[in-house]
Chemist: 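Pasting a structure here, questions to come.
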Amino acid sequence: MTKVPSVIHWFRLDLRIHDNLALRNAINEAENRKHHLKPIYFLDPDIKDKIGINRLRFLIQSLQDLNSNLKKLNSRLYCIRGNAINYLPKLFEDWQVKFLTCQVDIDPIYVEQDEVIEKIAEEKDIFIVKRVQHTVYDYNNVLKKNNGSVPMTYQKFLSLVQDVPVKECIEITKPISDDCKSKDGDLKKYDVPTLEEFQIDESNLEPLKYPGGETEGVKRLHMYMGRREWVCKFEKPNSSPNSIEPSTTVLSPYISHGCLSAKLFYHKLKEAENGMPHSDPPVSLLGQLMWREFYYTAGAGTKNFDKMVGNPVCTQIPWGKNDEHLKAWAEGKTGYPFVDAIMRQLKQEGWIHHLARHMVACFLTRGDLWISWEEGAKVFEGYLLDYDWSLNAGNWTWLSASAFFYKFFRVYSPIAFGKKTDKEGLYIRKYVPELKKYPTAFIYEPWKAPKSIQTTAGCVVGVDYPKRIVDHDKIHKENCTKMSTAYKLNKERKAMKRPFPID
DNA sequence: CTACCGGTTGACCAA
DNA sequence: GTTGGTCAACCGGTA
């Protein structure tokens with residue numbers, strides 16, 4: 001008896017059914033050839049050491065939701081404990097795989113993995129279909145349109161995509177043929193794990209603010225897109241980094257995990273804007289989506305985009321090393337309440353407002369601590385639910401004035417910046433509760449409070465809350481000088497590399 | 001080639 | 001309260 005061959009769809013950063021062309025291709029192939037359909041996901045047992053617990057929880061919920069959505073389509077998710085390079089070749093044999101589909105992901109982890117897998121598949125005569133479907137536009141086409149080089153400004157990027165039509169979303173609603181089901185469909189070993197399997201006791205975790213999954217992501221999208229007035233008036237710089245409830249949509253974790261299609265977001269935004277006066281990029285909601293597209297294009301077209309050394313668009317800056325300061329920053333113990341509140345919200349909830357990211361990124365790098373943006377990017381990678389390789393690297397280079405942005409003397413003040421949208425310091429009181437009882441006059445600068453007030457408020461600086469690890473007023477000026485020097489050196493180096501003009 | 005424009009979102013001070 | 005200049009400024013893009 002010969003085994004029925006299989007078609008694999010390999011889920012990675014596309015944890016959804018809707019608008020998933022690669023999945024559609026796999027289903028069609030399986031049905032046409034009466035092969036078994038195997039939707040798979042590789043979950044590395046070591047993943048707990050690689051991503052934060054909040055993100056792991058979001059991922060597992062997304063996988064559980066994906067499995068239940070696949071079941072509605074008369075299929076299931078095969079969640080495989082292990083990494084792809086070790087397990088896929090075995091599955092190729094065991095399942096008699098003839099055809100594999102997946103989404104194109106540009107995070108180097110996936111790129112390297114794909115190279116190995118593609119080689120093995122070629123030897124075994126397995127046909128691979130990869131689809132660019134994580135973005136609205138195909139960044140390869142954008143790069144081509146720009147003569148193979150990366151558009152270095154947002155405006156240039158917009159001009160390149162202006163007339164590019166955006167494809168309609170793919171819908172998958174018809175249940176998959178029984179012919180495509182295999183007998184191992186009931187095996188428990190392929191079930192999506194619970195957090196317990198990772199020795200995580202969920203009752204110890206903070207309550208969940210943003211549950212993972214396609215169902216939740218799509219629901220959230222419809223909820224926000226229904227508020228047409230709000231969508232059309234949206235201007236990012238006018239939203240607040242320190243409101244108690246998010247002032248923006250928090251669709252980002254769903255988009256980064258692929259629970260929500262960026263293309264669906266695009267079409268729904270266009271629908272909401274249609275026939276109404278509305279704000280425009282860069283500040284509009286559509287503009288936010290286009291920033292993502294911009295960074296994806298830059299990430300796809302730039303070598304070592306997530307590093308300083310060897311990154312052709314990144315200014316080389318002699319960052320210092322200070323593990324104590326880095327740790328204080330990451331744990332929200334810098335002694336600057338606004339910075340600490342942001343970092344603690346990040347750690348607790350896995351999401352902070354974009355402008356809050358500006359504040360703490362500037363503080364870590366060019367503003368105060370003079371620590372490499374790569375270190376900050378690593379911390380964000382652990383904590384952010386919406387971690388995305390391209391966006392993380394792009395935004396960190398921006399904020400550290402290493403690429404795209406050059407006005408390094410525009411430094412965010414850890415005292416003044418937050419006051420603009422939260423005079424009373426309610427945000428600080430929530431996330432740095434030891435300062436809860438401080439008078440408003442000192443909530444951003446507790447070290448200035450007289451000892452008697454500190455005692456009355458039940459929080460003495462240096463005892464119950466850390467002293468400032470740096471003096472912002474002094475250090476940010478010194479750092480500006482360092483930035484200026486680094487820029488000059490960079491300019492000289494660039495000039496040296498340029499060939500002499502020919503007479 | 002040169003010259004100029006403009007860039008998602010700073011802080012501070014003076015008027 | 002608002003506006004405009006200043007501060008340590010670059011560089012892609014276009015005419």
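Values below: every heavy atom of this structure, side chains too, minus hydrogens, waters and symmetry copies. Being a predicted model, the structure only gives us computed values, none of them experimental. So that the names make sense, note that chain A is the first sequence line, chain B the second, and so on, each numbered from 1.
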Chemist: Using the C1' atom as the point on both nucleotides, what is the distance between dA9(C) and dC5(B), in whole Å?
Modeler: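 Nearest-Å result for dC5(B) against dA9(C) at atom C1': 15 Å.
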
Chemist: Measure the OH-CG distance between Tyr41(A) and Asp14(A) for me, rounded to the nearest 0.5 Å.
Modeler: 9.5 Å

Chemist: Is the shortest side-chain N/O distance from Arg410(A) to OP1 or OP2 of dT9(B) below 4.0 Å?
Modeler: yes

Chemist: Could you please name the partner base of dA3(B), counting Watson-Crick and G-U wobble pairs only when both distances are under 3.5 Å?
Modeler: dT14(C)

Chemist: Where does the angle between the aromatic ring planes of Phe380(A) and Trp329(A) fall among parallel (under 30°), tilted (30 to 60°) and perpendicular (over 60°)?
Modeler: parallel

Chemist: Going by salt bridge (Lys or Arg N to Asp or Glu O under 4.0 Å), Asp386(A) matches just one of Arg55(A), Arg292(A), Arg357(A). Which one?
Modeler: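 Exactly one candidate clears the test, Arg357(A).
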
Chemist: From C-beta outward on Tyr406(A), which listed nucleotide comes closest to its side chain: dC12(B), dG7(B), dT8(B)?
Modeler: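 When the side chain of Tyr406(A) is considered, dG7(B) is the closest of dC12(B), dG7(B), dT8(B).
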
Chemist: Salt-bridge test for Lys378(A) and Glu375(A): reply yes if a basic N is under 4.0 Å from a carboxylate O, no otherwise.
Modeler: yes

Chemist: Between atom NZ in Lys419(A) and atom P in dT9(B), what is the gap in whole Å?
Modeler: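 After rounding, the gap between these two atoms is 23 Å.
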
Chemist: Quote, to the nearest angstrom, the P distance that separates dG7(B) from dA8(C).
Modeler: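 It works out to 24 Å between them.
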
Chemist: Rounded to whole angstroms, how far apart are CG on Leu158(A) and C1' on dG7(B)?
Modeler: 12 Å

Chemist: How is Phe405(A) classified with respect to the nucleic acid when contacts are heavy atoms under 4.0 Å: base, sugar-phosphate, or nothing?
Modeler: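 Counting heavy atoms under 4.0 Å across all strands, no contact is made by Phe405(A).
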
Chemist: Is the backbone N or O of Lys307(A) less than 3.5 Å from a side-chain atom of Asn304(A), with the two atoms forming a donor-acceptor pair by type?
Modeler: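 Side chain of Asn304(A) to backbone of Lys307(A): no pair is present.
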
Chemist: At a heavy-atom distance below 4.0 Å, which nucleotide of DNA chain C is the first touched by chain A, and which is the last?
Modeler: dC7(C) to dT14(C)

Chemist: What integer distance in Å separates Tyr412(A):OH from dT9(B):P?
Modeler: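 Rounding to the nearest Å, OH of Tyr412(A) and P of dT9(B) are 7 Å apart.
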
Chemist: Distance only, no hydrogens: is a donor on one side chain within 3.5 Å (strictly under) of an acceptor on the other, for Asp340(A) and Thr334(A)?
Modeler: yes

Chemist: Categorize Phe409(A) for me: base, sugar-phosphate, or nothing, with a 4.0 angstrom heavy-atom threshold over every strand shown.
Modeler: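 The residue Phe409(A) makes base contact.
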
Chemist: For a quick check of understanding: with a heavy-atom distance under 4.0 Å over all strands, which category does Tyr487(A) fall into, base, sugar-phosphate or nothing?
Modeler: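 Touches sugar-phosphate only.
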
Chemist: In whole angstroms, how far is the C1' atom of dT9(B) from the CZ atom of Phe234(A)?
Modeler: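 Those two atoms, CZ and C1', are 11 Å apart.
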
Chemist: Between dG10(B) atom P and Phe338(A) atom CZ, what is the distance in whole Å?
Modeler: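 After rounding, the reported distance stands at 14 Å.
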
Chemist: Please report the distance, rounded to the nearest Å, between NZ in Lys156(A) and P in dT8(B).
Modeler: 14 Å

Chemist: Counting the atoms with a prime plus P, OP1 and OP2 as sugar-phosphate, which does Lys420(A) contact under 4.0 Å by heavy atoms, base, sugar-phosphate, or nothing?
Modeler: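 Result for Lys420(A) = sugar-phosphate.
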
Chemist: Between P on dG10(B) and NE2 on His358(A), what's the gap in Å once rounded to a whole number?
Modeler: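 Roughly 9 Å, once rounded to whole Å.
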
Chemist: Could you check whether Lys482(A) makes a cation-pi contact with Trp370(A), meaning its NZ or CZ is under 6.0 Å from the centre of the six-membered ring and within 45° of the ring axis?
Modeler: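 Ring-cation test returns yes.
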
Chemist: Considering every strand and a 4.0 Å limit on heavy-atom distances, what is the contact class for Lys491(A): base, sugar-phosphate, or nothing?
Modeler: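 The answer is sugar-phosphate, as Lys491(A) gets under 4.0 Å only of primed atoms, P, OP1 or OP2.
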
Chemist: For dA9(C), which nucleotide is its Watson-Crick or G-U wobble mate, given both distances must be under 3.5 Å?
Modeler: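 Partner of dA9(C): none found under 3.5 Å.
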
Chemist: Could you let me know what dT9(B) is paired to, Watson-Crick or G-U wobble, both distances under 3.5 Å, or none if it's on its own?
Modeler: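 Its partner: none found.
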
Chemist: Given that both distances must come in under 3.5 Å, which nucleotide forms a Watson-Crick or G-U wobble pair with dT2(C)?
Modeler: dA15(B)

Chemist: Do we see a donor-acceptor contact under 3.5 Å between the side chains of Tyr336(A) and Glu445(A)?
Modeler: no

Chemist: Reckon Glu235(A) touches a base, only the sugar-phosphate, or nothing at all at heavy-atom distances under 4.0 Å?
Modeler: nothing

Chemist: Just the rounded figure in Å: distance from C1' of dG7(B) to OH of Tyr154(A).
Modeler: 12 Å

